[in-house]
Peer 1: 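Sharing a structure with you now.
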Amino acid sequence: MSVRVRFAPSPTGYLHIGGARTAIFNYLFARHHGGTFILRIEDTDVERSKKEYTEAILNSLRWLGVEWDEGPYFQSERMNVYREYLDLLIKRGKGYQCWCTPDELTLFKDSLKKEKKKFKRSVVEENHPEWLSPREGIPPVVIVETPTEGKIYYDDLIRGTISFPAEDVEDFIIWRSNDTPTYNFVVVVDDADMKITHVIRGDDHISNTPKQIVIYRALGFELPHFAHVPMILGPDKKRLSKRHGATSVEAYREAGYLPEALFNYLVRLGWSYGDQEIFTKEELIEKFDLSGVGKSPAVFNPEKLLWLNAEYIRASDHNRLFQEIYDKLPPDQRSKLGTDPSFFKLIGLVKVRSRTLIELYENLRFYFEPYPDSYDEKGVRKFFSKKPVFDALCALYEEMDKMIHFNEENLEKAFRDVSERYNVKLRDLAQAVRLAVTGKTVSPGIFETLEILGKIRTLKKIQRAIEWIKSNVNFENQG
RNA sequence: GUCCCCGUCGUCUAGCCAGGUCCAGGACACGGGCCUUUCACGCCCGUAACAGGGGUUCAAAUCCCCUCGGGGACGCCA
């Protein structure tokens, strides 16, 4: 029988990192086994479900490269299916109706808790027999009856056998008084109806599993395989949430992460293949299996994700990177930059010192912006405030102006000559030029940078810096 | 409180199922060094863990028991 798995988010927020990882595991499992990956939107909670979230989740999945083969199915469009199975369940005598209000029920459950009793049909009969037959003006809920003795157990593909004493599994509502089904009921109906063979989902569903097993049995369905993957934790070892910072896939996209990097990081969080850290998607499809998934929860480590992202940026070719930052580029220069070999060469130099696309863009800006919008303060103090360096900078300007072949070799020679002549360190002169050209104290090698920038733009920027220094720096005071 | 799950460097993990090759390996981060016109990259070196206690065994990170610690679920949310 061929593998069928699903990812079933509820559209009550953006795609969470934990959800994304569950989706990835399902996706990889399906691909690895040549199966089918189904997307299902669990929108039975009308109050909290929003269409925009559905769109956002779909977009995040697409961006990550998690492609589904079927769906998305919407639970809100399958009410007739659920109703059908509800009838079947009642017909088989596995459920009962209860005419009670939400408040009455809550109160009753609270009192049971105090007495350490479980909510079971027999207990209702004993304490509130009147709830078991129609009461004027009170719409009923449908409750499924759970076994009272023995064990409810299943074989988890990741954790082995998990067993629950049946008496601890309480009866639970599967159909609300407002005539809508509840989660535990619809998951089972959908998973069975969609012929899901492997339910791969978060750890937090382990305790729902016995309840769902009860429904599978009540409806006469065959049980799928279950695999519960450990959750992702924050640094405080509590389940990852907004208060730990960015948790949505979208947020990482906006922060300049490459989808492959996030994908790779998320897979490796909880799954491993020997000592290997970096995988292509094809490799993952080939190598991923549930046997490599660990049992213990994993703390999300942004530092390592950042490192991985840097690795991926470094490994990306210039065209790809150009595409990724295209939207940020000044509209009037996009097409020109897209065919400019110098710009592409610069991308190559700059990508090794960029950990995110944002940083990449920042490191590129000086190429297409006429002047730095400011000079790094510390740099000004160290390299713009010494008379000898300033004089050398002016002399270098003259040398460059005379230069016919504005290339690395000639530039290096000029730098060395001038720094010797003015008795300043090459380092200081290089830094002054770097500051003049980029506004920063950090950039690729200064000679290659200048060659790429070209003579005209370089001279303009240096001239501007010289003027800036003249009107902003007082050499007397600076010593 | 009840039930369930988990427990190897700060973090992700390899090793555990089929005890010895593990005074525990890799990666991120961190510290030191090399390279060097800056910053990165790269290379070299280093710090750092089997939660604790009992067993079983010639031998335990690996098997058994207990304790402790962490997490999750107990909704007419999903």
Side-chain angles (χ1 to χ4, degrees), chain A residues 8-12 42-45 47-49 75 98 100-102 105-106 109 113-114 116 118-119 139-143 156 158-160 162-165 167-170 172-184 186-187 202-211 228 230-231 233 235-239 265 268-278 294-308 310 314 349-355 363 379 383 412 415-416 419 425-435 438 440-447 449:
Chain A
S10 60
T12 54
E42 312 226 314
D43 57 350
T44 48
D45 185 349
E47 307 276 302
R48 297 196 301 150
S49 297
Q75 292 187 325
C98 179
C100 55
T101 68
L105 231 200
T106 315
K109 283 189 173 178
K113 213 165 210 175
K114 277 181 199 130
K116 298 196 174 184
K118 300 291 175 188
F119 182 80
V141 292
V142 179
I143 295 176
D156 196 290
I158 291 175
R159 294 151 202 276
I162 299 181
S163 172
F164 305 82
E167 73 251 31
D168 287 326
V169 181
E170 298 186 291
F172 56 98
I173 295 175
I174 57 171
W175 206 274
R176 302 186 187 101
S177 53
N178 70 359
D179 203 28
T180 60
T182 65
Y183 166 75
N184 278 121
V186 295
V187 215
D203 210 333
D204 46 338
H205 285 289
I206 288 183
S207 31
N208 280 324
T209 308
K211 293 183 177 180
H228 287 99
M231 305 214 297
L233 273 28
D236 58 355
K237 308 262 184 185
K238 300 226 189 282
R239 137 197 235 151
Y265 177 74
R268 269 283 341 216
L269 198 58
W271 173 84
S272 62
Y273 188 83
D275 287 339
Q276 192 171 344
E277 297 284 351
I278 298 177
K295 300 178 181 194
S296 49
V299 174
F300 183 76
N301 184 350
E303 300 265 311
K304 191 159 183 176
L305 171 58
L306 194 57
W307 165 76
L308 244 192
R314 209 178 308 151
L349 293 178
V350 135
K351 68 177 182 182
V352 1
R353 45 212 108 198
S354 308
R355 294 178 302 175
N363 291 335
F383 309 111
E412 175 156 8
F415 269 74
R416 294 199 186 274
S419 65
K425 284 184 193 146
L426 176 60
R427 168 179 190 270
D428 289 345
L429 183 57
Q431 284 298 73
V433 173
R434 199 184 314 275
L435 194 58
T438 68
K440 297 186 288 187
T441 55
V442 168
S443 85
I446 192 66
F447 310 128
T449 300

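Each chain gets a letter, A, B and so on, in the order its sequence line appears, and its residues count up from 1.
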Peer 1: Can you list the residues that meet the salt bridge (charged side-chain N to carboxylate O under 4.0 Å, His left out) rule with D179(A), with sequence neighbours excluded?
Peer 2: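 Testing D179(A) for salt bridge (charged side-chain N to carboxylate O under 4.0 Å, His left out), a comparison that skips the adjacent residues, returns R83(A).
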Peer 1: Between rU8(B) and rA48(B), how far apart are the two C1' atoms, rounded to whole Å?
Peer 2: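 Each nucleotide's C1' atom is 12 Å from the other's.
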Peer 1: For rU67(B) and rA73(B), measure between their C1' atoms and round to the nearest Å.
Peer 2: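 After rounding to an integer number of Å, I get 24 Å for this pair.
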Peer 1: Would you please name every residue forming a side chain to side chain donor-acceptor pair (under 3.5 Å) with R314(A), sequence neighbours left out?
Peer 2: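 With sequence neighbours excluded, R314(A) shows a side chain to side chain donor-acceptor pair (under 3.5 Å) to E311(A), given in chain and number order.
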Peer 1: Please give the distance between the P atoms of rC23(B) and rG31(B) as a whole number of Å.
Peer 2: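 So the two P atoms sit 30 Å from each other.
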Peer 1: What is the distance from atom CD of Q75(A) to atom OG of S10(A), rounded to the nearest 0.5 Å?
Peer 2: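 That separation rounds to 9.0 Å.
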Peer 1: Searching all strands shown, indicate the nucleotide that pairs with rC74(B) (Watson-Crick or G-U wobble; both distances under 3.5 Å).
Peer 2: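 Pairing partner: rG1(B).
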Peer 1: Taking for each residue the nucleotide of RNA chain B with the nearest heavy atom, is it K116(A) or L305(A) whose nucleotide lies nearer the 5' end?
Peer 2: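 The 5'-side residue here is K116(A).
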Peer 1: Sort me out a list of protein N/O and nucleotides 16-18 of chain B N/O pairs below 3.5 Å, or just none if empty.
Peer 2:
none

Peer 1: Mark up nucleotides 37-43 of chain B, 5' to 3', with B wherever a protein heavy atom is under 4.0 angstrom from a base atom, S wherever such an atom reaches only the sugar-phosphate, and - elsewhere.
Peer 2: BBBBSS-
Peer 1: Report each atom pair, protein N/O against N/O of nucleotides 5-15 of chain B, whose distance is under 3.5 angstrom.
Peer 2:
{"residue": "rC5(B)", "atom": "O2'", "partner": "R159(A)", "partner atom": "NH1", "Å": "2.4"}
{"residue": "rU11(B)", "atom": "OP1", "partner": "K237(A)", "partner atom": "NZ", "Å": "3.1"}
{"residue": "rC12(B)", "atom": "OP1", "partner": "V299(A)", "partner atom": "N", "Å": "2.8"}
{"residue": "rC12(B)", "atom": "O2'", "partner": "R268(A)", "partner atom": "O", "Å": "3.3"}
{"residue": "rC12(B)", "atom": "O2'", "partner": "R268(A)", "partner atom": "NH2", "Å": "3.4"}
{"residue": "rC12(B)", "atom": "O2", "partner": "K304(A)", "partner atom": "NZ", "Å": "3.4"}
{"residue": "rU13(B)", "atom": "OP1", "partner": "G270(A)", "partner atom": "N", "Å": "2.7"}
{"residue": "rU13(B)", "atom": "O3'", "partner": "S272(A)", "partner atom": "OG", "Å": "3.0"}
{"residue": "rA14(B)", "atom": "OP1", "partner": "S272(A)", "partner atom": "OG", "Å": "2.9"}

Peer 1: Please list, chain by chain and in numerical order, all residues satisfying side-chain contact (heavy atoms from CB on, under 4.5 Å) with S177(A), sequence neighbours excluded.
Peer 2: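 Scan of S177(A) (side-chain contact (heavy atoms from CB on, under 4.5 Å), adjacent residues dropped) gives P139(A), V141(A).
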Peer 1: Can you check the distance between rC30(B) and rU47(B), where both ends of the measurement are the C1' atom (answer in whole Å)?
Peer 2: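 Here rC30(B) and rU47(B) have their C1' atoms 8 Å from each other.
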Peer 1: The criterion is salt bridge (charged side-chain N to carboxylate O under 4.0 Å, His left out); which residues satisfy it with R268(A), sequence neighbours excluded?
Peer 2: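 If we apply the salt bridge (charged side-chain N to carboxylate O under 4.0 Å, His left out) test to R268(A), skipping adjacent residues, the hits are E277(A).
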Peer 1: N178(A): which residues meet the side-chain contact (heavy atoms from CB on, under 4.5 Å) condition with it, sequence neighbours left out?
Peer 2: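 In terms of side-chain contact (heavy atoms from CB on, under 4.5 Å), with neighbours along the sequence ignored, N178(A) is linked to R176(A), T180(A).
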Peer 1: Write down the distance separating the P atoms in rA60(B) and rG55(B), rounded off to the nearest Å.
Peer 2: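 The same atom, P, in both gives a distance of 12 Å.
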Peer 1: Looking at residues at least two apart in the chain, or sitting in another chain, which of them share a salt bridge (charged side-chain N to carboxylate O under 4.0 Å, His left out) with D43(A)?
Peer 2: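 In terms of salt bridge (charged side-chain N to carboxylate O under 4.0 Å, His left out), with neighbours along the sequence ignored, D43(A) is linked to no residue.
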Peer 1: Return the nucleotide paired to rU57(B): Watson-Crick means purine N1 to pyrimidine N3 with N6-O4 or O6-N4, wobble means G-U with N1-O2 and O6-N3, both under 3.5 Å.
Peer 2: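 Result: none.
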Peer 1: What pairs with R353(A) under salt bridge (charged side-chain N to carboxylate O under 4.0 Å, His left out), at least two apart in sequence or on another chain?
Peer 2: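 With sequence neighbours excluded, R353(A) shows a salt bridge (charged side-chain N to carboxylate O under 4.0 Å, His left out) to no residue whatsoever.
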Peer 1: Could you tell me if the side chain of L233(A) sits less than 4.5 Å from the side chain of K238(A), heavy atoms only?
Peer 2: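 Answer no - side chains too far apart.
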Peer 1: Rounded to whole Å, how long is the line connecting atom CZ of R239(A) with atom C1' of rG72(B)?
Peer 2: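 These atoms are roughly 8 Å apart.
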Peer 1: Does the side chain of N184(A) come within less than 4.5 Å of I174(A)'s, by heavy atoms?
Peer 2: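 Answer no - side chains too far apart.
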Peer 1: With sequence neighbours left out, write down each residue that passes side-chain contact (heavy atoms from CB on, under 4.5 Å) with E167(A), or none if nothing qualifies.
Peer 2: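 E167(A) satisfies side-chain contact (heavy atoms from CB on, under 4.5 Å) with P165(A) only.
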Peer 1: Could you go over nucleotides 75-78 of chain B and give all protein N or O partners under 3.5 Å, atom names and distances?
Peer 2:
{"residue": "rC76(B)", "atom": "OP2", "partner": "K109(A)", "partner atom": "NZ", "Å": "3.1"}
{"residue": "rC76(B)", "atom": "O3'", "partner": "R176(A)", "partner atom": "NE", "Å": "3.2"}
{"residue": "rC76(B)", "atom": "O2", "partner": "S177(A)", "partner atom": "N", "Å": "3.0"}
{"residue": "rC76(B)", "atom": "O2", "partner": "S177(A)", "partner atom": "OG", "Å": "2.8"}
{"residue": "rC76(B)", "atom": "N3", "partner": "S177(A)", "partner atom": "OG", "Å": "2.9"}
{"residue": "rC76(B)", "atom": "N4", "partner": "C100(A)", "partner atom": "O", "Å": "2.8"}
{"residue": "rC76(B)", "atom": "N4", "partner": "P102(A)", "partner atom": "N", "Å": "3.1"}
{"residue": "rC77(B)", "atom": "OP2", "partner": "R176(A)", "partner atom": "NE", "Å": "2.4"}
{"residue": "rC77(B)", "atom": "O3'", "partner": "R176(A)", "partner atom": "NH2", "Å": "3.2"}
{"residue": "rC77(B)", "atom": "O2'", "partner": "D45(A)", "partner atom": "OD2", "Å": "2.7"}
{"residue": "rC77(B)", "atom": "O2'", "partner": "R48(A)", "partner atom": "NH2", "Å": "3.0"}
{"residue": "rC77(B)", "atom": "O2", "partner": "R48(A)", "partner atom": "NH2", "Å": "3.2"}
{"residue": "rA78(B)", "atom": "OP1", "partner": "T44(A)", "partner atom": "OG1", "Å": "2.9"}
{"residue": "rA78(B)", "atom": "OP1", "partner": "R176(A)", "partner atom": "NH2", "Å": "2.5"}
{"residue": "rA78(B)", "atom": "OP2", "partner": "R176(A)", "partner atom": "NH2", "Å": "3.0"}
{"residue": "rA78(B)", "atom": "OP2", "partner": "Y183(A)", "partner atom": "N", "Å": "3.0"}
{"residue": "rA78(B)", "atom": "O3'", "partner": "E42(A)", "partner atom": "O", "Å": "3.4"}
{"residue": "rA78(B)", "atom": "O3'", "partner": "E42(A)", "partner atom": "OE1", "Å": "3.3"}
{"residue": "rA78(B)", "atom": "O2'", "partner": "S10(A)", "partner atom": "OG", "Å": "3.2"}
{"residue": "rA78(B)", "atom": "N6", "partner": "N208(A)", "partner atom": "OD1", "Å": "3.4"}
{"residue": "rA78(B)", "atom": "N6", "partner": "N208(A)", "partner atom": "ND2", "Å": "3.3"}
{"residue": "rA78(B)", "atom": "N1", "partner": "N208(A)", "partner atom": "ND2", "Å": "3.3"}

